[in-house]
Engineer: 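Dumping the structure here so I can ask a few things about it.
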Amino acid sequence: MNKRKKITRVRISKFFILLFAFAFLMGIFKLFYVALSSSVDGINLTEFANNRNTVKKTLYAFRGNIYDVHGDVIAQNANSYTLIAYLSESRTTNPNKPQHVVDKESTAKALADILDMEYEYVLGRLNTKNAYQVEFGAKGKNLSENKKVEIDSLALPGIDFIAGSKRYYKKSKMASYIVGYAKPNEDGEIVGEMGIESHYNNVLKGQDGETEYQRDAYGYQMGEAYTKDPVSGSDIYLTLDSQIQLILEDAVHNLEENNEFAWFTFTVMNAKTGAIVGSASSPNFNPNTLEGLTNYVNPLVGYTYEPGSTMKIFSWLAAMENNMYNGEEEFMSGTINVAGATIKDFNNSGWGKITYDRGFAYSSNVGATNLALRLGSAKLKDFYESLGFGSKTGIELPGEEKGIIRLTYESELATASYGQGITTTPIQNLQALSILTNNGVMLKPYIVDKIVNDKGEVTYKGERTELGQKVSSSSVKKMHTLMYDVVYNGLSKIWQPNNVTLMGKTGTAQIASPNGGYLTGTVNYIRSFAGIFPYENPEYIFYVSAKQIDGGASAVAKVVTKAIESIANYANITNKESELDLSKVILLNSYISGDVILTKEELEKLKLQAIIVGNGKIVINQYPLKKTNVLVGSKVFLLTEGSEYLMPDIRGWSSSEVMNFCNIIGLKYEFTGFGRVTQFNIGVNEVIDLSKTLQVTLSNE
């Protein structure tokens, strides 16, 4: 018995020895396999190791700024903050210095007041269970430096911020559809969504960099990091002139204050170069908050509509260029039958027999139809298309539409001659009008003055671009006379400004009904005006249009002519023989390097207001600049060499005066409302902190 048991144990021991040896050999084989292979069980070991030990981070490039033509900032990056609240009591180690929210009710009350949020919502966030920290939705994000300082001053336990960056639009709503807006995406990168910000997103954003390093099992960096530095985005300088832009914005606001309308556009172009110097519209929006943004279409390039009688400029020119025009020839105004339809002049009865020159001044549809029938569809269509109608201009803005030029039937030929049955955009009209200020040569409109890279090199320069000779100089001269007569000898005398001579053409177009035909009623029109000034030597072309305005053409003319007067005064192109009282116009000298006290006395003798900026004794800059015409009573800002700026009492100042003051010292500003200053956030005679933003409330009251 004992011998048998012993033999059995020996056999069992040999079995396990053999099993162990087999397992050992398999392990050695597996080790060699792993060592020689880059993949095991479908897992790439090299990639797995690298991903585990290598840290890569994107270094976002600094987004370029957007400036006006004079270098005044329109859009730039600014610090922004996300509000957070720590709720976990574990953060607090010293009860005397709590690091979490202790009094939730009072904290909620304070935050709700500052952030304009519902108290119940804030308190609900602070009462979130089992949360280490919480945020506060959209109103708790993208907070400004001023808002952060305001919250910090409350010293609320457990309240903190996550720093980031956002796009800041210094001039708020100004040219919002031109500039557009940009905002951070989910990765924190600022991306353009509209306008210049979108069209030039890749130029503005630059090239992102990256940093890469190895880390050990404890998360510590091992060795040197590989870093590819980001390349900052380029800066874009627009052709917009902030002073002219502000004049247009004020005109838009004045129309909003006194009239009801669907939309309104007002754009001014340099007559000699094609540069857009100002473009305002209503509705508009605040790109800092997106308040008021309901339509993503830029009116300048994206609105297509029947232009009405401003097209008579071009149908009359087409007849001239085809040797089918005699201005002294007479026709019977009133009505004309075309293809079974009756076309009427706007007053339904006409003015009896009149010349074609007089027909232009009176905006006769019958006269336009007669000329179009002589031309025929092919010639009129070809002429319109040669001026860019029916095609995109290619201006540096997204969303441009091309409109429709359709002249298939005789009835379409007739209506197209006075701007019905075809559609155009405001920018197309401006481009076509450039033939009248360049001796028949058409210019391509543009809105980017230059692009400057991070090294300060100009990589693109906008310039006058000629698109060919479209009409003769004799036709241009004739049209100047006709457009002058419209304003001064025709039926459009409400368009006469007081300090400069203007030539132009009105337009009144019916609005197509979605059910066919046209809408009826006294307001269902698009009122427009194409103008050029000064008549003697054109410097600016402008085009305005308003849809369904209750005050009609007179309401538009009232605000536009006032704006033209302001632009003419700003650009020193006033007509000395105008009705302007020249005894109230002062030509400024240069006061730079002058004594502050003596300069102030000199300006006061001229009945001008000297605004001293800084605590120095010598003038180092001024605004307006020398050789600028200003009216008696105007403010002249004198910057001294002193570095301490005291806040003046700006109540009653206009928005443009506030802009001039802020620009001369480099102070950020934000406007709320329109009109004159009623409130502002910096105390009178307080030393100005240039890191803050002057927040101004405007009102017409």
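Just so it is clear, the model here is predicted, and its values are computed rather than measured.
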Engineer: So, using ring-ring contact (aromatic ring centres under 6.0 Å, His included) as the criterion, who are the partners of Y181 when residues are at least two apart?
Structural biologist: none

Engineer: Identify, with sequence neighbours excluded, every residue that meets side-chain contact (heavy atoms from CB on, under 4.5 Å) alongside L300.
Structural biologist: I178, T267, S279, N298, L397, P426, I427, L430

Engineer: Name all residues meeting the side-chain contact (heavy atoms from CB on, under 4.5 Å) criterion together with E670; count only those two or more places apart in sequence or in a different chain, and write none if there are none.
Structural biologist: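 Once residues adjacent in sequence are excluded, the partners of E670 under the side-chain contact (heavy atoms from CB on, under 4.5 Å) criterion are Y168, T693, Q695.
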
Engineer: Among side-chain atoms of S363 and K505, is any donor-acceptor pair under 3.5 angstrom?
Structural biologist: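 There is such a pair between these side chains.
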
Engineer: Does V277 have any side-chain contact (heavy atoms from CB on, under 4.5 Å) partners at least two apart in sequence or in another chain, and if so, which?
Structural biologist: I244, V268, N270, Y540

Engineer: Please assess Y535 against V500 for the test side-chain contact (heavy atoms from CB on, under 4.5 Å), listing each intermediate value before the final yes or no.
Structural biologist: CA-CA 8 Å; Y535 165 73; V500 67; over 6 Å; no

Engineer: Under the 3.5 angstrom rule, does the side chain of E321 hit a backbone N or O of S475 as a donor-acceptor pair?
Structural biologist: no

Engineer: Quick one: ring-ring contact (aromatic ring centres under 6.0 Å, His included) partners of Y460, sequence neighbours excluded?
Structural biologist: none

Engineer: Please check: side-chain N/O of T437 versus main-chain N/O of A271, any donor-acceptor pairing under 3.5 Å?
Structural biologist: yes

Engineer: Using a 6.0 Å cut-off, check whether atom CD of E291 has over 12 heavy atoms from anything other than its own residue.
Structural biologist: no

Engineer: Are the charged groups of D357 and K478 less than 4.0 angstrom apart, N to O?
Structural biologist: yes

Engineer: Tell me every residue that passes side-chain hydrogen bond (donor to acceptor under 3.5 Å, both in side chains) with T425, counting only those two or more places apart in sequence or in another chain.
Structural biologist: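 In terms of side-chain hydrogen bond (donor to acceptor under 3.5 Å, both in side chains), with neighbours along the sequence ignored, T425 is linked to no residue.
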
Engineer: Heavy atoms only: give me the nearest L255-A555 pair and the separation to one decimal.
Structural biologist: CD1-O, 3.5 Å

Engineer: Does a sphere of radius 6.0 Å around CZ in R406 hold more than 12 heavy atoms from other residues, nucleotides or ligands, not counting ones at 6.0 Å or beyond?
Structural biologist: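 Counting neighbours around CZ of R406, 12 or fewer heavy atoms of other residues, nucleotides or ligands fall under 6.0 Å, so no.
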
Engineer: Got a sec, which residues hit side-chain contact (heavy atoms from CB on, under 4.5 Å) with K379, two or more places apart in sequence or on another chain?
Structural biologist: N322, M324, L375

Engineer: Only counting residues at least two apart or in another chain, list the ones meeting ring-ring contact (aromatic ring centres under 6.0 Å, His included) with F389.
Structural biologist: F314

Engineer: If you count the non-hydrogen atoms of other residues, nucleotides and ligands that lie under 6.0 Å from NZ in K558, is the total more than 12?
Structural biologist: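 Atom NZ in K558 is not packed in, count stays at 12 or less.
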
Engineer: Using only atom types and a distance under 3.5 Å, with no angle test, would you say the side chain of Q548 pairs donor to acceptor with the backbone of N524?
Structural biologist: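 No: the side chain of Q548 does not pair with the backbone of N524.
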
Engineer: Does L502 offer a backbone N or O that forms a donor-acceptor pair with the side chain of Y488 under 3.5 Å?
Structural biologist: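 A pair under 3.5 Å: yes.
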
Engineer: Partners of F360 by ring-ring contact (aromatic ring centres under 6.0 Å, His included), sequence neighbours excluded?
Structural biologist: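 With neighbours one apart ignored, the set is W316.
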
Engineer: Does a side chain donor of either D345 or N365 reach within less than 3.5 Å of an acceptor in the other side chain?
Structural biologist: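 No, no side-chain donor-acceptor contact under 3.5 Å.
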
Engineer: For the residue pair M479 and M320, establish whether any side-chain heavy-atom pair is separated by less than 4.5 Å.
Structural biologist: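 They are in contact (side-chain heavy atoms under 4.5 Å apart), so the answer is yes.
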
Engineer: How would you list, by chain and number, every residue that makes a salt bridge (charged side-chain N to carboxylate O under 4.0 Å, His left out) with D72, sequence neighbours excluded?
Structural biologist: K170, K171

Engineer: Is the gap between the ring centers of Y305 and W263 under 6.0 Å?
Structural biologist: yes

Engineer: Please answer whether the main-chain N or O of S654 pairs with a side-chain N or O of E657 as donor and acceptor at a distance below 3.5 Å.
Structural biologist: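 Checking the backbone N and O of S654 against the side chain of E657, a donor-acceptor pair under 3.5 Å is found.
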
Engineer: Could you check whether N295 and Y303, counting side-chain N and O atoms only, form a donor-acceptor pair closer than 3.5 Å?
Structural biologist: yes

Engineer: Side-chain donor-acceptor contacts of residues 439-452 below 3.5 Å, not counting sequence neighbours, with atom names and distances?
Structural biologist:
unit_1, atom_1, unit_2, atom_2, d
D449, OD1, K461, NZ, 3.1
D449, OD2, K461, NZ, 3.4

Engineer: Do other residues, nucleotides or ligands put more than 12 heavy atoms under 6.0 Å from the NZ atom of K183?
Structural biologist: no

Engineer: Does the side chain of N498 come under 3.5 Å of the side chain of E565 through a donor N or O and an acceptor N or O?
Structural biologist: yes

Engineer: Donor-acceptor pair, S377 side chain versus L407 backbone, under 3.5 Å?
Structural biologist: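 Here the side-chain-to-backbone pair exists.
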
Engineer: If every non-hydrogen atom of V252 is compared with every non-hydrogen atom of A280, which pair is closest and at what distance?
Structural biologist: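 Residues V252 and A280, closest heavy atoms: CG2-CB, 3.7 Å.
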
Engineer: Should the pair R167-E197 be classified as a salt bridge under the 4.0 Å nitrogen-to-oxygen rule?
Structural biologist: yes

Engineer: Can you establish whether the number of heavy atoms outside Q469 located under 6.0 Å from its atom CD is more than 12?
Structural biologist: yes

Engineer: For residues 411-418, run the donor-acceptor check on the side chains, cut-off 3.5 Å, and write out each pair with its distance to 0.1 Å, sequence neighbours left out.
Structural biologist:
unit_1, atom_1, unit_2, atom_2, d
E412, OE1, T408, N, 2.7
E412, OE1, Y409, N, 3.0
T415, OG1, S411, O, 3.2
T415, OG1, E412, O, 3.2
T415, OG1, Q420, O, 3.3
S417, OG, A368, O, 3.4
S417, OG, A414, O, 2.5

Engineer: Using ring centroids (six-membered ring only for Trp), state whether F346 and Y362 fall under 6.0 Å.
Structural biologist: no

Engineer: Is it true that Y200 and N202 share a donor-acceptor pair across their side chains at a distance under 3.5 Å?
Structural biologist: no

